[in-house]
Amino acid sequence: MLSVDQPYEIVIGLEVHVQLRTTTKLFCRCATQFGAPPNTNVCPVCLGMPGALPVINEHAVQLALQTGLALGSTIPPMTKWDRKQYFYPDLPKGYQISQFDLPICDGGHLAIADPADESQTRTIRLIRAHLEEDAGKSMHDEANGRADSRIDLNRCGTPLLEIVSQPDMRSAAEAKAFLTELKLLLTYLDVSDCEMQEGSLRVDANVNLKIEKAGDTIATPIVEIKNMNSFRAVERAIAHEAQRQYHEWEETGLTIKDRTKRTFGWDDAAERTVPQREKEEAADYRYLPDPDLLPICLSTETVEATRAALAEFPAVARQRLQADYEIKAYDADVIVNQGRGVVEYFEAVAKGSGDARRASSWIQQDVLRTMKEQGVGIGDFAVSADTLAELLGQVSAGKLDNARARDVFQHLLEKGGSVAEAIKALGIESVDAGEIESLCQELLDANPQVVEDVRGGKMQAIGSLIGQAKKKNPNVNPKQFREICLQLIQSAG
Amino acid sequence: MTIPLDSAAKLLGLLASGELTARQATQASLDRIAATDPEVGAFTFVNTEAALAAADSIDQRRRDGQPLGALAGVPIAVKDVLCTTDMPTTCSSRMLENHMSPYDATVVARLRAADAVIVGKTNMDEFAMGASTETSAFGKTTNPWNPSLTPGGSSGGAAACVAAGDVPLSLGSDTGGSIRQPAAFCGITGLKPTYGRVSRYGLIAFASSLDQVGPMAFDAVDCATLLNAIAGSDASDSTSLPVETPDFTAGLDRIEGELRIGIVKHHLEAEGLDPEVRQAVDDAIEVFRDAGAKIVEVELPHSDYWVPTYYVIAPSEASSNLSRYDGAHYGHRSPVAASDAGDRGPLVATYCRSRGEAFGAEVKRRIMIGMYALSAGYGDKYYMKALQVRRLISQDFDAAFQNVDLLLGPVTPTPPFAMGEKIDDPLQMYLCDLFTVGANLAGIPALSMPGGLTSNNLPIGIQLQAPPLQEAKLLQAAAAFQRATDWHTKRPL
Ligand SMILES: [Zn+2]
């Protein structure tokens, strides 16, 4: 990856915080629902009130286990809880319950498409994935010259799975590809809704450079860019940080040996990474095994039963769609990358219509475009899979041409109802051969130049008549019209 | 008639037969508190109106023939480390001065369900750290046997109010001997149950892996009655044991089978063991021998490490548990922090000043020890090492209990000591726990019962320890001892 304008390699490791899709918090029965009025989803446990004790939410453990298995992690027979101590107003207990030396998921990997060559895959190794509770949120209101800080503890105790990668990524595009594939996998597993704007997926990136100089490889000091909540921010922050580190190295010559890890934030408006707090010494979290919680022992039976019940992964779905429906790798990729809902929709349309390729193309063009325009997910899409299957079945059977089918589709989108109702409303009816023949004759008579062109071998000249024919009778099938015209010209010849 | 506030069993009999109403019993208790407490100072809060209202409700329900709980109408005091919704819960600290808990501790809820009448909250060493109740922020408790002496600690108030005849029953908590040592100093019976036998939910944590709530009473029978009411697993406390709760009052009139009692010679020859205490232990051995028990010498090879191990683990957990008192969410917030933040900034100033102002010297000392023991580079050297030694200590008990049913020995090295005698010498104070901390480190049940009086007419306690969950055995042995002796009936003049 070395080039003249980029005389270095970027080394990237990601820490992804995923909010697990539980209805209640990690250590109490408060709701995890987003957007509730401040400090309403709280209880003595998540507020860290004196005397309150945590009780583990088994569902969060189950979701973490599913994720770990899907990521190829090893599941240790025992996992325990540790307190990570630090003072912060968002953290009511003065410590976060997390996992230190015995995380629930050990190792693992995720295969991604190589952004430099989509036909190749790259495997990004994982270090671990561990469960932890989220902290609250501080809101600082400095209006009117007052330093007025308010704390919303609704998010306290929300279950997070922190997935930590090895520093295996070599470009911002690879980091984005990793996050995209990870998010897709998590949504397939249904372990998280991954709503980034609601903070369900947050990313820290550890970035440094390897610079080749006089046959030596120099590593720059590591910077951790904290708390990014869009893929675009991650991509741009990494790209910016790489440039910044290169310039810094040119100026100072400092290497990884000279400087401990620093923490930066991403200023989206200014499009730059900014130092957050210069740590004078290494953070001392004074980890302590949490004496209020028992270790969790996961039996082989539980792990294997969970593995057997796992939902299909995106990578497997891509292969299966190609094999089962004979669609191209590219098409399978587009469908699978839209999420499990679209895959299910596709399969229903493909089976119902008996024409998988037509289903694939309609979904990629018409359905996805409309979803994007309307800003809706497949679950809220106005045309059901059964309805679209029926429509495409009629196209395949030659009862409708593509253009009329699109009219029907549009009608269904706007008015709903069945295919039959749409066809009736649009006045679509089959036109008998005699009627088409007389229409052909009429138009050929009126356009002698076309007849001459066809005779001269310019078959496409007929195309100019199709538009006119459609105007006179919208139900005319263009293919049939074209064939009859050709027959008439030949027989007149 | 005289209302017997010393024995819950007698009181329950009079209440059941209708010779006495709950209001009369409660009023007698309140009157007694009014008479004794100006000198003893056992209470941090007396809930006169609520107690009388509860008593009236019990009387009404008794008149209506409705079912009543096992402690119906018995006045009880609760150590101020247990959360109550209708009285402040302060832990005898400025930090929680006037703190009203939004919930009842599980044991408090169980007392209410058993129709006990909670008359007030009792004084203690601040956050249960101490052995003399002199570290309370709200004034000292004196020993009812002699006001110049301490009642022991940290459940000093809970022991003193029973000894003073204010209430027949009280709840204490025991982290390193905090029920047994004040019980010994005040001449009453106190039991630290097996770790996990009684819920810790709502017990404000000192050292979570050592803390246990337990009964303090006139004799073993009353302790059993109170333990019945509070024991049992609790879904809100993950460390509470999922075991059946036997009826601890059943079979107290006899000892089942042959009783083998172990004596730790090393303890009886310990330097600093007062000769009169030693004599009381020897006498108790004879009482049991006369009752047919077999006396066996056993070894606890790691007992010299009890106190050092305890004084690493307990402060480590305490430093973590007390992190939540940061001035941000509840409890004391320094009024000067915001205006006089200095160059630390308002946030750090709030933490430092709030904690600096509201914690007493002993609490600060233990937080410092704990933070040091857990800090990076020392965690392995001190905390992890202490956990390893703790395992060895536990194994010592397991081995000893292979050969004996119970262990018998002193509770404290000395009889009650004078106010101020040890308060400026923390190491001397820590040695008060010499014989008691082993049970907390191993999680086993242990009981203190009156076993003699010194030449100065001061109580001496005898300790019995048993294997995990063998509280019934402890109570049987104590009841047998109390049938053979009258030390438990002695009261301060
Ligand atoms: Zn909660």
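Every chain is numbered from 1 and lettered A, B, ... according to where its sequence line falls, protein lines coming before strand lines.
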Heavy-atom side-chain contact between A:F27 and B:S238 under 4.5 Å
no

Please state whether the side chain, the backbone, both or neither of B:Y325 comes within less than 4.5 Å of a heavy atom of chain A.
side chain

Sort B:L347 into side chain, backbone, both or neither according to what part of it lies under 4.5 angstrom from a heavy atom of chain A.
side chain

For B:Y330 and A:G48, which heavy atoms make the closest approach, and how far apart are they?
OH-O, 2.6 Å

Hey, which of A:P289, A:C28, A:G51 has the most heavy atom pairs under 4.5 Å with chain B?
A:G51

Answer yes or no: is there a donor N or O on one side and an acceptor on the other, between the side chain of B:H329 and the main chain of A:P89, under 3.5 Å?
yes

Bottom line for B:D326: the part with an atom under 4.5 Å from chain A's heavy atoms is side chain

Taking the side chain as everything from C-beta on, heavy atoms only, tell me whether A:L288 gets closer than 4.5 Å to B:Y383.
yes

In this structure, are over 12 heavy atoms from other groups packed under 6.0 Å from A:K80 atom NZ?
yes

Side chains of B:P102 and A:M49: closer than 4.5 Å at any heavy-atom pair?
yes

B:M100, CE atom: more than 12 neighbouring heavy atoms under 6.0 Å
yes

Residue selection (most heavy-atom pairs with chain A, distance under 4.5 Å) from B:G202, B:S209, B:A328, B:G377
B:G202

Gap separating the CZ atom of A:R286 from the OG atom of B:S316, nearest 0.5 angstrom
10.0 Å

Cut-off 4.5 Å, heavy atoms of chain A, and the answer for B:Y372 is neither

To the nearest 0.5 Å, atom OG of B:S375 lies from atom CG of A:D284 at 5.5 Å

Let me confirm one number: the CZ-CZ distance from A:F87 to B:R355, rounded to the nearest 0.5 Å.
4.0 Å

Region of B:L82 in contact with chain A, defined by heavy-atom distances below 4.5 Å
neither

Does any backbone or side-chain atom of B:A207 lie under 4.5 Å from a heavy atom of chain A? Answer side chain, backbone, both or neither.
neither

Close side-chain approach of A:P50 and B:T89, heavy atoms under 4.5 Å:
no

Euclidean distance, B:Y351 OH relative to A:Y88 OH, rounded to 0.5 Å:
8.0 Å

Checking A:L47 against chain B: side chain, backbone, both or neither under 4.5 Å from a heavy atom?
backbone

Of the backbone (N, CA, C, O) and the side chain (C-beta and beyond), which part of A:Y86 lies under 4.5 Å from a heavy atom of chain B, both, or neither?
neither

Under 3.5 Å side-chain donor-acceptor pair for A:R83 and B:S320
yes

Checking the side chain of B:S208 only, and the main-chain atoms of A:D290 only, is there a donor and an acceptor separated by less than 3.5 Å?
no

Search all heavy atoms of A:V55 against all heavy atoms of B:D237 and return the closest pair with its distance.
CG2-N, 4.3 Å

When rounded to the nearest 0.5 angstrom, what distance separates CE in B:M371 from CD in A:Q85?
7.0 Å

d(B:N321 CG, A:D292 CG) to nearest 0.5 Å is 6.5 Å

Looking only at non-hydrogen atoms, find the nearest pair between B:R200 and A:P291 and report the distance.
NH2-O, 3.9 Å

Please give me the minimum heavy-atom distance between A:G94 and B:S323, naming the atom from each residue.
CA-CB, 3.8 Å

Check: A:A52 main-chain N/O paired with B:Y103 side-chain donor or acceptor under 3.5 Å:
yes

